[in-house]
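Here the structure is a predicted model, which is why all the values come from computation and not from measurement. Basis for what follows: all heavy atoms, side chains included, without hydrogens, waters or symmetry-related copies. Per chain, numbering begins at 1; letters A, B, ... match sequence-line order.
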Protein chains: 2
Amino acid sequence: MGDDTRRNMALFPIGIVMKLTDLTARQIRYYEQNDLIQPARTEGKQRLFSFNDVDRLLEIKALIEKGLNIAGIKQVLQLNDPTPVQTEITTTSETKRKEMSDKDLHQLLRQQIMYRNASRHGEGALIRGELSRFFH
Amino acid sequence: MGDDTRRNMALFPIGIVMKLTDLTARQIRYYEQNDLIQPARTEGKQRLFSFNDVDRLLEIKALIEKGLNIAGIKQVLQLNDPTPVQTEITTTSETKRKEMSDKDLHQLLRQQIMYRNASRHGEGALIRGELSRFFH
DNA sequence: CAACGGATGTTATAAAATATTACATGAAAA
DNA sequence: TTTTCATGTAATATTTTATAACATCCGTTG
């Protein structure tokens with residue numbers, strides 16, 4: 001089984017994800033409602049998150065703390081499905097996404113000009129894609 | 001945070017562990033009752049398993065399928081706390097345990113002489129410590 | 001300024017998942 | 001045969017999660 005498969009397996013209930021990300025259930029559900037994440041569900045409709053879901057939530061949180069709103073985060077995460085802006089050369093989709101993220105981030109920050117106090121919650125920067133922050 | 005810490009974090013509820021290991025809740029609880037595992041608990045007393053817990057359960061399952069009983073598994077996993085048989089040279093505890101496991105396993109299999117149909121459930125061998133078997 | 005909308009908190013209620021305990025059972029051991 | 005071990009099953013309580021509605025704080029906008 002590939003590492004990719006492993007990172008996409010639905011493993012964690014929302015309670016664990018709350019601790020892993022320091023987000024409230026309300027926030028996580030709200031982000032899902034706005035299509036920033038699509039966690040799997042159990043037969044009984046309870047959410048089950050993968051490592052990738054958790055990583056994405058950490059990215060979302062970082063962007064929130066930088067003052068982006070949902071629309072901005074969608075841009076950064078390239079969740080703007082209609083007429084996706086294609087890059088000329090096709091790199092691996094993962095790498096491409098990261099590149100785009102940084103580019104769009106600058107653009108968006110400039111666009112939005114100001115951002116509220118960035119480290120409002122006293123949280124340091126997160127190392128994305130590493131699930132490096134755990135527990136309280 | 002070290003990899004060891006990561007593997008010891010309580011993350012999975014019993015329902016997920018059931019799927020990861022193909023064990024029933026009854027079996028998992030019974031093994032806990034017999035001190036083969038000590039999963040963490042939530043505030044509400046619900047079990048939370050780490051990667052290491054899951055790996056251990058996979059080991060237990062493999063031994064069960066080889067015909068060992070709880071006492072035998074305790075021996076193999078070196079959970080026989082009183083008067084632990086010390087090896088002369090102190091290797092890393094992980095490596096030591098693995099060595100002992102294989103040695104004791106042969107000894108125990110010989111001791112118990114016969115073992116019921118080993119692959120009763122049609123399950124292949126497990127790669128221990130790798131969490132390689134997932135889902136149904 | 002007042003109204004509005006976005007992001008989140010809070011509360012209520014229902015449903016799902018898990019815990020514990022007791023009893024049942026098949027097979028192996030004594 | 002009678003026990004014992006490992007597991008199944010059923011009943012009941014508790015915990016966790018889901019959903020929905022309403023509240024609140026705070027920028028933005030008319």
Nearest-nucleotide check on DNA chain D, B/Thr24 vs A/Glu32; residue mapping nearer the 5' end is B/Thr24
Nearest whole angstrom, please: distance from the P of D/dA21 to the CZ of A/Arg26.
12 Å
Considering just the side-chain nitrogens and oxygens of B/Arg41, establish if one lies under 4.0 Å of OP1 or OP2 belonging to C/dT20.
yes
Side chain proximity check, B/Met9 to A/Lys19, heavy atoms < 4.5 angstrom:
no
In whole Å, what is the span from the CD1 atom of B/Ile70 to the P atom of D/dT7?
6 Å
Does C/dT8 have OP1 or OP2 sitting under 4.0 Å from an N or O in the side chain of A/Tyr31?
yes
Applying a 4.0 Å non-hydrogen cut-off, can you work out what A/Arg47 is touching in the nucleic acid: base, sugar-phosphate, or nothing?
sugar-phosphate
Would you kindly give the CZ-to-P distance between A/Arg29 and D/dT16, to the nearest whole Å?
14 Å
Exactly one candidate in A/Leu36, A/Ile60, A/Leu57 meets side chain to side chain contact (heavy atoms under 4.5 Å, CB included) with A/Ile28; the answer is A/Leu57
Closer than 4.0 Å, any side-chain N/O of B/Tyr30 to the OP1 or OP2 of D/dA6?
yes
Output the rounded distance in Å from CG (A/Asn69) to C1' (C/dC4).
16 Å
Is the ring pair B/Phe12/A/Phe12 parallel, tilted or perpendicular, if the boundaries are 30 and 60 degrees?
parallel
Indicate whether OP1 or OP2 belonging to C/dA17 is found under 4.0 Å from a side-chain N or O atom of A/Gln46.
no
Nearest-Å distance, CD1 (A/Ile14) to C1' (D/dA18)?
9 Å
Counting just side-chain N and O atoms, does B/Thr42 come under 4.0 Å of either OP1 or OP2 of D/dT15?
no
Between A/Gly44 and B/Ala25, whichever has its closest DNA chain C nucleotide further toward 5' is A/Gly44
Are A/Thr21 and A/Phe49 packed together at the side-chain level, in the sense that at least one heavy-atom pair is separated by less than 4.5 angstrom?
no
